[in-house]
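Predicted model only: the values in this text are computed from it and were never measured. As the structure lists them, so they are numbered: ligands from 1, and atoms in each ligand from 1.
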Amino acid sequence: MKDSFGRDVEYMRISVTDRCNLRCKYCMPEDLPDIPHPEILRYEEILRVCAAATRLGIRNFRVTGGEPLVRRGCVDFIRKLGELPGVGKLMLTTNGVSLERCVPELVEIGIDSVNISLDALDRENYRMITGYDVFADVYRGIMAALAAGLRVKLNCVAMRGVNEEQLLPIAKLAARHPLDVRFIESMPIGAGKGFDPVTGKEIVALLEKHFPGLEEDRERRGFGPAAYYMHKDLLGRIGVIDAVSHGFCESCNRIRLTSDGLLKTCLYYSETVDLKPILRRGGDDSALEMAIREAVAHKKEKHLFHEDRQEAEGRKMSQIGG
Ligand code: SAM
Ligand code: SF4
C-alpha cells in the first residue's frame with residue numbers, strides 16, 4: 001500500500017518481546033523496565049494484525065525484539081505467520097545466542113533469511129559490548145545456520161572507540177563464508193545516544209583499502225536500506241546502512257509493531273497508533289485494517305535524527321525492535 005508520499009509500504013517488523021538475554025551497550029541500559037505481561041500482545045493477536053496487513057499489501061515480515069527467541073513459542077509463531085495467506089518473505093533478526101537449537105525448525109518452516117547481530121569477533125570484546133560471555137554460542141548458531149543452508153546476514157553496529165578494530169575481521173567473514181555482513185551506523189536512539197557512529201563513508205573507505213576494486217552491487221537484496229558492495233574475494237556481500245549520515249527516507253517501505261501493540265511508522269518519531277483497544281475490545285478486521293491504513297497515511301516524510309525535537313522517540317531500541 002502507498003503512503004501519502006507515494007512510497008510503497010510492503011514490509012512490517014514485528015517485535016514479539018522487549019526482553020533480551022543480552023545487554024548491548026548501544027541498545028539496552030540496565031534500568032529498562034519490562035512491559036507487564038498482560039500488556040504484551042498474544043501470538044494470536046499479532047497474527048490478526050499480520051493478516052490484516054497482508055490484506056492491505058504489507059506482505060513481508062521480520063520477527064524481532066528484544067530477543068525474539070527468548071519468548072516461548074516464538075518459532076511456532078513464525079511457522080503460523082508463514083502459513084497466513086498472502087505472506088511473502090519471512091525473516092528473523094536474532095542475537096544468535098539460542099539460534100543453534102532452532103535452526104532445524106527454521107529450515108523446515110522455510111524461513112527466507114536470518115539476520116544475526118555480531119559486533120565483535122573475539123570473546124572478550126563480545127563480552128565487553130553485550131555484557132555476556134556467550135560469543136561461542138553465537139558463533140555456533142551462525143555456523144549451524146550456514147551449514148543448514150539458511151541465508152545469513154550479520155549485523156554489526158559500528159561505534160567509534162568501541163569496536164573499530166573488529167570491523168575488518170568481521171567483514172572478512174564474508175570472504176570465508178557465503179554470508180552478507182552489514183555495518184550499521186549506531187543510531188541516537190535510547191542508549192545509542194551515547195555512541196559516536198563510524199559513518200558509512202568511513203567504513204567503505206576502510207573496506208576499499210583491504211578489498212581494492214570493491215564495487216557497488218545494485219541488485220536488490222531484501223527489504224532493507226543497505227547499500228551492498230561486492231568483490232572477487234568475497235563469497236557474500238558487504239552492506240552499509242548509513243541511516244544517520246545519509247538517510248534513505250525517500251524509499252522507506254516499512255512499519256513496525258511493538259510487542260505491546262503499538263504501530264510505529266517511523267523509527268525517529270514517538271508517535272504510534274495503539275492497536276490493542278481494537279484487538280481487545282471486540283474490534284473487527286475492518287477496524288484493524290482501517291487503523292493500519294490511517295497510520296500509514298500519516299507516515300512522516302523523513303527522520304530528524306540531527307535535531308533534538310520533542311516528538312523524537314524516547315523508547316529504547318530493544319522496545320522498538322531495531
Ligand atoms: N536482539 C536481536 C538482535 O540483537 O539482533 C533483535 C533486536 S535488535 C533491537 C535489532 C537490531 O537493532 C540489531 O541488529 C541491533 O544491532 C540493532 N540496534 C540496536 N540498537 C541500535 C542502535 N542504537 N543503532 C543502530 N542499531 C541498533
Ligand atoms: Fe538485546 Fe538485540 Fe538489543 Fe543486543 S541489540 S540488547 S541482543 S535487543
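A salt bridge links E45 with R280; the closest basic N to acidic carboxylate O contact falls under 4.0 Å. Between D217 and R237, at least one side-chain nitrogen of the basic residue sits less than 4.0 Å from a carboxylate oxygen of the acidic one, meeting the salt-bridge criterion. Taking the charged nitrogens against the carboxylate oxygens, E44 and K80 have no contact shorter than 4.0 Å, which rules out a salt bridge. Salt-bridge check for E10 with R254: failed, with every basic side-chain N at 4.0 Å or more from each acidic carboxylate O. The pair R7-E250 does not meet the salt-bridge criterion, since no charged nitrogen lies less than 4.0 angstrom from a carboxylate oxygen.
Near T94, the atoms of ligand 1 lying under 4.0 angstrom from a non-hydrogen atom of the residue are 2 (C), 3 (C), 5 (O). The distance from ligand 1 to the heavy atoms of E67 drops below 4.0 Å at these ligand atoms: 1 (N), 2 (C). Within the listing of ligand 1, atoms 6 (C), 7 (C) sit less than 4.0 angstrom from a heavy atom of T64. For ligand 1 and G65, the ligand atoms under 4.0 Å from any heavy atom of the residue are 7 (C), 9 (C). Ligand-side atoms of ligand 2 in range of G66: 8 (S), range being under 4.0 angstrom from any heavy atom. Residue contact check: N95 has heavy atoms under 4.0 Å from atoms 7 (S) of ligand 2. For ligand 1 and S186, the ligand atoms under 4.0 Å from any heavy atom of the residue are 24 (N), 25 (C). Heavy-atom contacts of N155 reach the following atoms of ligand 1: 14 (O) (cutoff under 4.0 Å).
Distances shorter than 4.0 angstrom occur between a heavy atom of E185 and an atom of ligand 1. For G65, the closest heavy-atom approach to ligand 2 does not fall below 4.0 Å.
Atom 3 (Fe) of ligand 2 has as its closest protein heavy atom C27 SG, 2.4 Å. The closest protein non-hydrogen atom to atom 27 (C) of ligand 1 is M317 CE, 3.8 Å. In terms of protein heavy-atom proximity, atom 24 (N) of ligand 1 is closest to M187 N, 2.7 Å. In terms of protein heavy atoms, atom 1 (Fe) of ligand 2 is closest to C20 SG, 2.3 Å. The nearest heavy-atom contact from the protein to atom 11 (C) of ligand 1 is G322 CA, 4.2 Å. The nearest heavy-atom contact from the protein to atom 17 (C) of ligand 1 is V157 CG2, 4.3 Å.
When atom types are taken as modelled, the side chain of R59 and the backbone of G86 share a donor-acceptor pair closer than 3.5 angstrom.
I116 pairs with exactly one of L179, I142, N155 by the side-chain contact (heavy atoms from CB on, under 4.5 Å) rule, that one being I142. Paired with N21 under the rule side-chain hydrogen bond (donor to acceptor under 3.5 Å, both in side chains), one option of N95, D137, T130 passes, and it is N95. The residue from L257, D260, L262, L41 that alone fulfils the side-chain contact (heavy atoms from CB on, under 4.5 Å) condition with L275 is L257.
A donor-acceptor pair shorter than 3.5 Å can be found between the side chains of T199 and E202. For the residue pair E67 and T94, a side-chain donor N or O sits within less than 3.5 Å of a side-chain acceptor on the partner.
Heavy atoms of T93 found under 4.0 angstrom from ligand 1 belong to the backbone as well as the side chain. Looking at C24 against ligand 2, both its backbone and its side chain come within 4.0 Å, counting heavy atoms.
Nearest heavy-atom pair, F183 versus I238, reported as atom, atom and distance to 0.1 Å: CE1-CG2, 3.7 Å.
Closest to atom 6 (C) of ligand 1 by heavy atom, among P197, S117, G66, C156, is G66.
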